[in-house]
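Atoms considered below: every heavy atom in the structure, side chains included; atoms not considered: hydrogens, waters and symmetry mates. Numbered from 1 within each chain, the chains take letters A, B, ... in sequence-line order.
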Amino acid sequence: MNYKIPRGTFDIIPPQSAKWNYVKDVFRRVASSFGYEEITTPIFEMAELFERSSGESSDVVQKEMYRFTDQKGRTFALRPEGTAPVVRAFVENHLDKTAAHSKFYYMGPMFRYDRPQAGRYRQFYQYGIEFIGSNNPYYDAEVIALEQMFLKELGLKDFRLEINSVGCGNCSKEYEKALREFFQPVFDKLCEDCQNRYENNPRRILDCKVPSCKELRHGAPSQLDYLDDDCQDHFEKARLYLEQMDVDYVVNPSIVRGLDYYTNTAFEFIVDSLGAQNTIAGGGRYNGLIEQIGGRATPAVGFAGGFERLILALESQGISFPEELAPDVYVIAMGESAESYAMRPMQAIRKAGIYAEYNPDKSSFKSQMKAADQSKARYAMIIGEEEVTLDKPMLKNLSDGTQENLSLNQIIDRIKDN
RNA sequence: GUGGAUGUAGUUCAAUGGCAGAGCACCGGAUUGUGGUUCCGGGCGUUGCGGGUUCGAGUCCCGUCAUCCACCCCA
């Protein structure tokens with residue numbers, strides 16, 4: 001084998017591809033029932049789009065972005081996430097001026113240079129929802145309810161929703177200041193990672209798994225105590241709507257989003273059994289992003305989910321996917337004249353929308369019957385010298401063993417009847 | 001980017017430093033007109049790749065690549 005797939009990437013081949021299509025179909029259906037429409041953007045954009053939107057100091061920008069320059073020296077990046085491109089498209093198509101609000105869903109590959117492990121890949125596939133155009137907390141609840149309905153529709157069990165509010169530009173900064181003041185006296189006792197977090201993202205100290213850091217954060221201030229009146233009200237209303245829509249959640253004040261543009265509501269859907277990479281979807285409100293990208297200030301909320309992790313979770317829970325496609329009819333022909341005769345009824349059957357399978361490489365009659373059986377076809381259409389003379393193939397019901405010589409029309413009717 | 005585990009047939013796994021094997025799957029056959037069971041037959045695998053030690057390496061050593069686990073980060 002001379003060529004190998006790049007690290008952290010994977011092929012989606014049958015029968016796995018059928019599972020992916022099924023999950024995508026369900027997502028499309030659920031998104032449509034909430035009025036969301038599909039948007040597709042390029043998989044690469046100007047690198048600056050992500051640098052500005054995600055935040056220069058974010059891990060995504062600092063070390064995970066696939067950057068490249070083209071023949072004219074322009075710097076692009078393979079998209080590490082889906083929201084910034086959607087917002088770019090929104091602004092570039094003047095939707096900030098022409099639409100009261102926009103409801104988008106998307107799916108496609110994202111790219112991050114990260115060390116692969118189960119549930120984490122360098123090219124991975126996300127689905128996402130973006131609602132742009134209102135600060136009404138109803139929409140926070142709507143996008144969350146959509147994701148929950150999607151997961152339930154697939155039959156996923158044992159997942160939980162955690163929500164938080166990270167506040168707006170003002171109260172968020174106040175809170176981080178308070179956090180730094182709280183940890184400042186014990187700075188030397190924090191682990192090395194947390195000492196870095198202290199400057200870059202002090203909220204993450206609340207998430208650290210090192211026991212000593214867990215001790216040190218007892219009594220640390222909570223973002224929820226630092227929300228200003230508007231943010232407080234927004235969070236309460238979003239929670240109320242969730243309750244009214246029967247969406248179960250727990251408030252987790254230590255939820256942090258990795259990208260800089262999030263405001264107010266932040267949330268994650270988590271499946272514990274997945275291991276370290278257990279967040280299957282995450283998102284929140286990003287009221288400042290559109291203006292930051294150059295559009296008119298427009299509030300928005302959305303989320304993204306990972307197909308790999310979702311499918312991993314579904315499989316580990318033994319959830320059934322639609323059965324693989326089995327032929328309706330398996331065509332068996334004996335002898336040269338039968339083989340050429342068989343083409344005509346076979347094509348007619350296919351044209352009628354019936355799945356007919358045929359394997360000319362199987363030599364003996366017996367091996368053809370065996371193949372018909374293994375294919376799980378409902379019927380075998382058997383054609384030999386007699387059938388050619390009669391111009392009536394034999395249709396055999398493979399589950400009860402009955403068989404009968406029938407005209408082409410009779411065959412099609414019979415198969416369509418059940 | 002850091003630490004650890006593992007790489008043998010399509011797959012799941014064997015093989016004290018001494019002839020690379022088995023189950024399952026797959027293919028063919030047991031009178032080219034009747035399928036699931038059964039029986040018979042079918043494997044020359046760069047033992048992930050490259051070096052080294054040795055009379056001899058799947059096995060020991062070094063490097064490398066990949067996967068997995070944890071950290072980190074996140075979907």
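In this structure, of rG35(B), rC73(B), rG33(B), it is rG33(B) that holds the atom nearest to the side chain of E386(A). With rA75(B), rG29(B), rG35(B) as the candidates, the nucleotide lying closest to the side chain of S364(A) is rG29(B). Side-chain proximity of Q277(A) to rC71(B), rC73(B), rU34(B): nearest is rC73(B). Ranking rA75(B), rG1(B), rU34(B) by closeness to the K396(A) side chain, first place goes to rU34(B). Closest to the D373(A) side chain, of the nucleotides rC69(B), rC73(B), rG35(B), is rG35(B). Listed nucleotides rG29(B), rC72(B), rU34(B) differ in distance to R197(A); the shortest reach to its side chain belongs to rC72(B). For M394(A), the listed nucleotide lying nearest its side chain is rG33(B); candidates were rG33(B), rC27(B), rU67(B). Taking the side chain of Q126(A) as heavy atoms from C-beta on, and the options rC72(B), rA75(B), rU34(B), the nearest nucleotide is rA75(B).
Side-chain polar atoms of S172(A) and R203(A) form a donor-acceptor pair below 3.5 angstrom. Judged purely by distance below 3.5 Å, without hydrogens or angles, the side chains of Q292(A) and R52(A) never pair a donor atom with an acceptor atom. Remark: the E130(A) side chain and the Y36(A) side chain contain no N/O donor-acceptor pair separated by less than 3.5 Å. For S407(A) and N409(A), the side-chain atoms include no donor-acceptor pair closer than 3.5 Å. Side-chain N/O atoms of Y226(A) and E176(A) include no donor and acceptor closer than 3.5 Å.
Rounded to whole Å, the separation between the P atoms of rC44(B) and rU37(B) comes to 27 Å. Here the separation of rC19(B) from rU31(B), taken at their P atoms, is 41 Å to the nearest Å. Comparing rU47(B) with rA14(B), their C1' atoms sit 13 Å apart, to the nearest whole Å. Rounded to whole Å, the separation between the C1' atoms of rG58(B) and rA20(B) comes to 8 Å. Here, rG23(B) and rC55(B) have their C1' atoms 36 Å apart, quoted to the whole Å. Using atom C1' as the reference point in both rU16(B) and rC71(B), the two lie 39 Å apart (nearest Å). For the C1' atom pair drawn from rU8(B) and rG48(B), the interatomic distance equals 10 Å after rounding to whole Å. Here, rG42(B) and rG10(B) have their C1' atoms 15 Å apart, quoted to the whole Å.
Contacts of G119(A) with the nucleic acid, taken as non-hydrogen atoms under 4.0 Å apart, include base atoms. As judged by a 4.0 angstrom heavy-atom cut-off over every strand, Q123(A) is placed among residues making no nucleic acid contact. Heavy atoms of G282(A) sit under 4.0 angstrom from primed sugar atoms or phosphate atoms, though from no base atom. At the heavy-atom level, G128(A) lies nowhere under 4.0 Å from the strands shown. Using a 4.0 Å heavy-atom criterion, one finds that L398(A) contacts the bases of the nucleic acid, with or without backbone contacts as well. Nucleic acid contact class of E268(A) (heavy atoms, under 4.0 Å, all strands): none. Within 4.0 Å of Y125(A), counting heavy atoms only, lies no atom of the nucleic acid at all. Within 4.0 Å of G283(A), counting heavy atoms only, lies no atom of the nucleic acid at all.
Whole-Å rounding puts the E192(A) CD to rG1(B) P distance at 17 Å. In this structure, CZ of R120(A) is placed 12 Å from P of rG1(B), rounded to the nearest angstrom. Remark: C1' of rG10(B) and CD of Q16(A) are 17 Å apart, rounded to the nearest angstrom. Per the geometry, OH belonging to Y113(A) stands 5 Å off P belonging to rG1(B), to the nearest Å. Rounded to whole Å, the distance from CZ on F365(A) to P on rU34(B) is 6 Å. When the C1' atom of rG29(B) is taken as reference, atom CE of M369(A) falls 18 Å away, rounded to whole Å. Atom CZ in F159(A) sits roughly 18 Å away from atom P in rA75(B) (whole-Å rounding). With rounding to whole Å, Y127(A) atom OH is found 8 Å from rA75(B) atom C1'.
With respect to K63(A) and D59(A), a salt bridge is recorded, a charged nitrogen being found less than 4.0 Å from a carboxylate O.
When both pairing distances are held under 3.5 Å, rA5(B) makes a Watson-Crick or G-U pair with rU67(B). Under the Watson-Crick and G-U wobble criteria, each requiring two contacts below 3.5 Å, nucleotide rG33(B) is left unpaired. Across the strands present, rG21(B) finds its partner in rC13(B); the criterion is a Watson-Crick or G-U wobble pair with both atom distances under 3.5 angstrom. Taking a pair to require two hydrogen-bonding distances under 3.5 Å in either a Watson-Crick or a G-U wobble arrangement, rC73(B) remains unpaired. In this structure, rG41(B) forms a base pair with rC27(B), meeting either the Watson-Crick or the G-U wobble geometry with both donor-acceptor distances under 3.5 Å.
Both A118(A) and R309(A) sit near RNA chain B, but only A118(A) has its closest nucleotide nearer the 5' end. Each of A276(A) and R7(A) lies near RNA chain B, and the nucleotide nearest R7(A) is the one positioned closer to the 5' end.
Phosphate contact (OP1/OP2 of rC27(B), side-chain N/O of K370(A), threshold under 4.0 Å): absent. For Q368(A) and rG35(B), the shortest distance from a side-chain N or O to OP1 or OP2 is not below 4.0 Å.
Relative orientation of the F27(A) and Y127(A) rings is tilted, given thresholds of 30° and 60° on the angle between their planes.
Here the side chains of K152(A) and Q148(A) are in contact, with some heavy-atom distance below 4.5 Å.
Here F124(A) counts as stacked on rA75(B): its ring centre is under 5.5 angstrom from the base ring centre and the planes meet at under 30°.
Counting atom types as modelled, Q403(A) pairs a side-chain N or O with a base atom of rU34(B) as donor and acceptor under 3.5 Å.
For R344(A) and Y341(A), the positive end is not near the middle of the six-membered ring at less than 6.0 Å and at most 45° from its axis.
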